[in-house]
Undergrad: 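The following block contains the structure, expressed as structure tokens.
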Amino acid sequence: MKRFLALAAAASLLVSEAAHAQQAMAFVACPIIRDTESVPCWVTEHDGETYYLGIQTDTLGTFRPPTLGQKALIEGVTSDEPRICGGMVLKDAHAGAVGELGACPKTMLPSEERYQLPFKAPRQPGPNIGKKFKAFDLAWEFLKPEVPVAPFGPKRFVISFEFDGSSFWFDDQRTLIEIIDYAKASNARQIKIVGHRTEIKLDDGTKLTEFEAVAKIRATMTANQVASGQIAAKIDTSWDDVPVSGGASQRIVTIDIIP
Amino acid sequence: MQSDRRNDAAQEMMMPGTEAPPRDKVRRGRAKSTASRLRRAGRLAFGLSACLTSIAVVAKTADQDWFTPGGKATLPAYVEFENELGRLALFNENGPVEISDHPFFRPVGPSGRACVTCHQPANAMSLSVPSVQKRWTATGGSDPLFAAVDGSNCPSLDQKDPASHSLLLGRGLIRIPRAWPPRLTDGTAVEPEFKIEVVRDPTTCNTDPTYGLNSANPTISVFRRPRMTANLAFMSDEGFTRFPFAAKDGTAAPRNPETGKVASGHILADGRMASVKQQAGAALREHMGADGAFSNTALNQIVDFVEQLYAAQVFSTQGGSLVGPDGPPAFGPRNLATSPKRFLGNDTETPTFPMGDAWRNRDGKTPAAQQEYRLSVKRGQDVFFTRTFFQGEVMGFNSLGLGSPVKRTCTSCHNMLMAGNGWDPGFLDGAMDIGTTNMPWATEPPHSPWSTRKPDLPLFKITCRKDVIPHLYLGRVIYTTDPGRALTTGLCRDVGTITQTQMRGLAARAPYFTNGSAATIRELIDFYDRRFQIQYTEREKLDLQHFLESL
């Protein structure tokens with residue numbers, strides 16, 4: 001019996017640790033650069049813990065690093081992976097800018113022997129290795145826009161943004177190209193574009209709401225981008241000023257193509 | 001006095017009053033002799049050409065360091081011009097150009113200007129301050145260059161007073177009047193995201209009742225350097241991108257109205273023109289005062305001329321020939337002509353300015369001082385290509401999802417193979433704000449009881465509306481001496497954003513940056529060192545300087 005209880009307790013501890021390891025986090029903090037011999041890491045400190053957010057990448061990277069000296073809304077899920085650059089790995093990390101530059105110190109920690117990246121950075125800090133004359137083609141290959149295939153029914157596309165953000169990143173261009181191609185291939189008669197903004201509940205219980213005009217800005221910019229593809233469809237653009245409760249997955253513009 | 005040098009007697013430059021002095025005759029003889037020896041040796045054509053270049057014939061002309069509109073002459077296929085650091089060469093890929101009735105050189109409008117007025121061959125098809133000052137002295141300020149419309153600080157000033165032309169005489173700047181609010185090239189008004197106010201204006205033009213912001217035709221006057229009209233084959237072509245939009249700012253990418261294709265965006269500091277042809281037409285009207293539309297044939301002639309013209313330094317007073325048979329492939333206009341065009345030069349197989357291993361080691365035969373300089377040039381290329389530093393708060397670069405700062409090198413942005421401007425379209429990260437015009441980074445003279453220096457550029461206050469995304473790094477209130485691309489787009493995020501310019505012919509066309517704020521190549525390097533806290537060593541700075549002056 002004692003043995004069973006001990007096993008149960010151990011299992012409970014493991015479950016608890018696993019739960020802790022996969023805890024969703026949302027807090028505002030100052031980003032920090034931890035340099036390495038290769039590219040630098042982006043980390044942050046919160047409630048006595050250091051979190052690893054990601055490394056410096058290029059425009060093809062999935063993690064969008066923040067701005068040193070500016071607060072960031074840190075979102076992600078904790079993990080039990082080995083620490084990187086001294087920080088607990090935060091999976092699917094986002095670090096959208098909050099407020100203006102100057103609210104944080106510009107902390108840049110120098111490279112140290114003990115902090116080595118446990119993987120090879122896809123892009124070194126200087127020029128690319130190799131790739132003579134082919135960078136553009138490789139980037140295009142990376143994007144791989146989906147070629148529209150009949151039959152063409154109504155189809156929804158989604159573009160997501162960082163907190164308070166309205167920038168289109170490199171991989172958003174794939175979606176934009178697909179939207180334009182699908183609208184043309186399906187002889188779309190209407191494209192409905194709707195922008196959204198969010199309000200997120202932080203770990204300390206406070207709420208953080210996006211900039212009032214950002215839903216409109218996201219929608220109109222998306223409409224401009226789509227229109228520049230010289231398509232015949234009527235584009236209806238609208239936005240929801242009421243913030244949606246949620247995080248990164250809700251900071252979106254939806255694009256509905258109606259053939 | 002500058003002299004032009006050439007390598008083919010059959011392409012003698014026929015300027016009025018051409019007369020070769022005895023020294024030139026001696027050198028011409030040496031050239032023939034050397035050429036004969038080379039031919040006998042059966043060297044490759046390239047080697048022959050390069051060697052001849054290095055011992056080029058001098059053909060002095062009456063007015064060869066300044067091309068006056070309407071002159072009768074032939075611009076040879078290959079011609080060299082002296083500058084303080086050596087010699088620059090122009091190479092017309094399609095052969096000699098008769099300039100006597102060529103629209104690039106033909107005077108138009110009331111001032112008698114031509115394109116060549118501000119795009120001088122000896123100045124790498126741009127304009128250097130020493131040339132401007134010499135021209136003022138030679139003509140008492142009557143040269144068409146100093147026309148009131150934009151060759152002075154403001155047309156309303158006393159045009160005989162050199163102080164009225166201080167920005168042209170001191171910084172080589174031409175006045176660029178921009179309608180406010182902005183208008184697209186088709187005349188459509190743009191609703192700006194910000195309010196603009198004049199904080200100071202030593203030029204008086206922005207507060208002038210006729211030409212200023214509060215005049216009947218509200219105008220913002222900014223002052224910019226003329227860009228090179230050579231090596232344009234690297235940046236004027238279309239088809240840079242398969243994307244029909246400017247992903248950076250959510251606007252439609254500019255298209256060439258003639259072809260409907262997405263434009264490169266590399267033309268002019270603020271990318272307001274979609275093609276060289278469009279720019280040429282606008283310049284003929286706005287800078288030269290041409291009446292009516294220029295003929296399509298004439299505009300095409302101008303475009304054809306500048307897109308087959310290559311310019312680069314070929315000789316260094318310290319390092320000797322830059323284009324010898326064993327020299328690096330990065331240098332000289334012939335290498336530009338034969339290079340692939342519009343390729344990204346930011347990888348280890350394709351450096352922006354490829355040098356291979358040339359000049360990496362001592363060769364045991366080059367004179368010591370010359371050898372040391374060449375080694376320094378090679379080290380400078382290494383600094384340019386591989387010396388990392390943290391680059392931060394640059395709109396149009398960090399703002400594209402990279403974060404701020406990033407650990408990169410010079411070539412991360414200056415990555416157009418052989419040209420050194422941004423490879424990406426000018427409406428993407430080919431245009432950026434590194435702080436040359438925006439406070440707090442813009443170069444300002446010290447203001448103190450112990451200094452008599454005064455600021456010479458206007459200063460504007462930009463206040464962004466509350467319902468727009470502010471400038472990521474400067475917020476909603478920005479002080480700037482030139483709002484850059486924002487004068488075209490009206491976007492807050494574009495304030496101070498300037499389309500990168502190519503890096504060729506630097507030795508022939510000081511000063512640098514769009515507002516001429518770096519008088520020397522060293523000052524240019526110092527700006528970057530200060531802006532990005534690079535902490536270059538003295539040797540790194542000198543090596544980089546030697547490299548840049550070889551381009």
Side-chain angles (χ1 to χ4, degrees), chain A residues 31 33 35 39-40 42 56-59 61 63-70 95 97 100-102 106 108 125-136 140 162 164-170 172-173 176-177 180 211-214 216-218 220-230, chain B residues 240-253 255 260 262 340 342-352 385-390 392-393 398-412 415 417 423-424 429 465-476 493:
Chain A
I33 279 186
D35 198 10
V39 292
W42 283 93
Q56 169 185 306
T57 55
D58 61 14
T59 49
F63 169 63
R64 304 296 172 197
T67 296
L68 203 63
Q70 186 175 28
E100 293 195 353
L101 198 62
K106 295 184 176 180
M108 296 177 73
N128 274 309
I129 306 296
K131 292 188 181 177
K132 187 177 186 179
F133 295 159
K134 291 182 178 172
F136 185 85
W140 188 252
E162 293 296 342
D164 265 355
S166 58
S167 297
F168 295 90
W169 306 130
F170 199 74
D172 294 326
Q173 302 190 32
L176 287 162
I177 292 282
I180 291 165
F211 171 51
E212 234 177 78
V214 79
K216 177 184 176 182
I217 293 170
R218 287 169 179 163
T220 51
M221 286 177 66
T222 304
N224 286 341
Q225 304 267 29
V226 173
S228 65
Q230 300 179 319
Chain B
F240 267 85
T241 173
R242 301 180 203 186
F243 311 129
F245 32 74
K248 184 172 78 169
D249 57 17
T251 56
R255 287 177 185 272
V262 173
R342 300 174 299 284
F343 276 106
L344 182 64
N346 188 19
D347 59 68
T348 51
E349 290 183 20
T350 325
T352 303
F385 193 56
T386 60
R387 165 66 153 90
T388 58
F389 58 95
F390 280 93
E393 298 171 26
N398 299 98
S399 57
L400 295 183
L402 298 175
S404 170
V406 293
K407 191 167 79 172
R408 292 280 187 90
T409 68
C410 297
T411 199
S412 293
N415 52 21
L417 180 65
W423 170 77
D424 279 293
D429 60 348
R465 292 195 331 243
K466 287 182 178 172
D467 63 338
V468 303
I469 301 285
H471 190 290
L472 284 185
Y473 308 118
L474 297 173
R476 292 192 188 277
R493 71 189 67 188

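Order of the sequence lines fixes the chain letters, A, B, ..., with proteins taken first and strands second; residue numbering starts at 1 for each chain.
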Undergrad: Is it the side chain or the backbone of A:D164 that comes within 4.5 Å of chain B heavy atoms, both, or neither?
TA: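 Looking at A:D164, just its backbone touches chain B.
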
Undergrad: So do the side chains of A:M108 and B:P405 get within less than 4.5 Å of each other, counting heavy atoms only?
TA: yes

Undergrad: Just how far is it from atom NZ of B:K466 to atom CD of A:E212, taken to the nearest 0.5 Å?
TA: 11.0 Å

Undergrad: For A:E162, is it the side chain, the backbone, both, or neither that has a heavy atom closer than 4.5 Å to a heavy atom of chain B?
TA: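 Neither the backbone nor the side chain of A:E162 comes within 4.5 Å of chain B.
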
Undergrad: Where does A:T57 contact chain B at under 4.5 Å (heavy atoms): side chain, backbone, both or neither?
TA: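 The backbone, not the side chain.
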
Undergrad: Would you mind checking which part of B:R387 comes under 4.5 Å of any heavy atom in chain A, side chain (CB onward), backbone (N, CA, C, O), both or neither?
TA: neither

Undergrad: Ignoring hydrogens, what is the shortest heavy-atom contact between B:L402 and A:P65? Give both atom names and the distance.
TA: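 Closest pair (atom of B:L402, atom of A:P65, distance): O-CG, 3.4 Å.
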
Undergrad: Could you grab the distance from atom CD1 of B:I469 to atom CD1 of A:I217, nearest 0.5 Å is fine?
TA: 4.0 Å

Undergrad: State the CZ-OG distance between B:R493 and A:S167, to the nearest 0.5 angstrom.
TA: 6.0 Å

Undergrad: Give me the atom names and distance for the closest heavy-atom approach of A:P127 to B:N346.
TA: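 It is CA-OD1, 3.3 Å.
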
Undergrad: Could you tell me which non-hydrogen atom of A:P40 sits nearest to which non-hydrogen atom of B:K407, and how far apart they are?
TA: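 Of all heavy-atom pairs spanning A:P40 and B:K407, the closest is CD-CB, 4.0 Å.
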
Undergrad: Side chain from CB out, backbone as N, CA, C, O: work out which of these in B:F385 comes under 4.5 Å of a heavy atom of chain A, or both, or neither.
TA: both

Undergrad: At their closest point, which heavy atom of A:P125 faces which heavy atom of B:T388, and how far apart are they?
TA: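 In this case the closest contact between A:P125 and B:T388 is CB-CG2, 4.1 Å.
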
Undergrad: What is the minimum heavy-atom distance between B:L400 and A:W169, and which atoms define it?
TA: C-CZ3, 3.3 Å

Undergrad: Can you name the nearest heavy-atom pair linking A:L68 to B:E393, along with the distance?
TA: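 The answer is O-OE2, 4.4 Å.
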
Undergrad: Select one option (side chain, backbone, both, neither) describing which atoms of A:K216 are under 4.5 Å from chain B's heavy atoms.
TA: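 Nothing of A:K216, per the 4.5 Å heavy-atom cut-off to chain B.
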
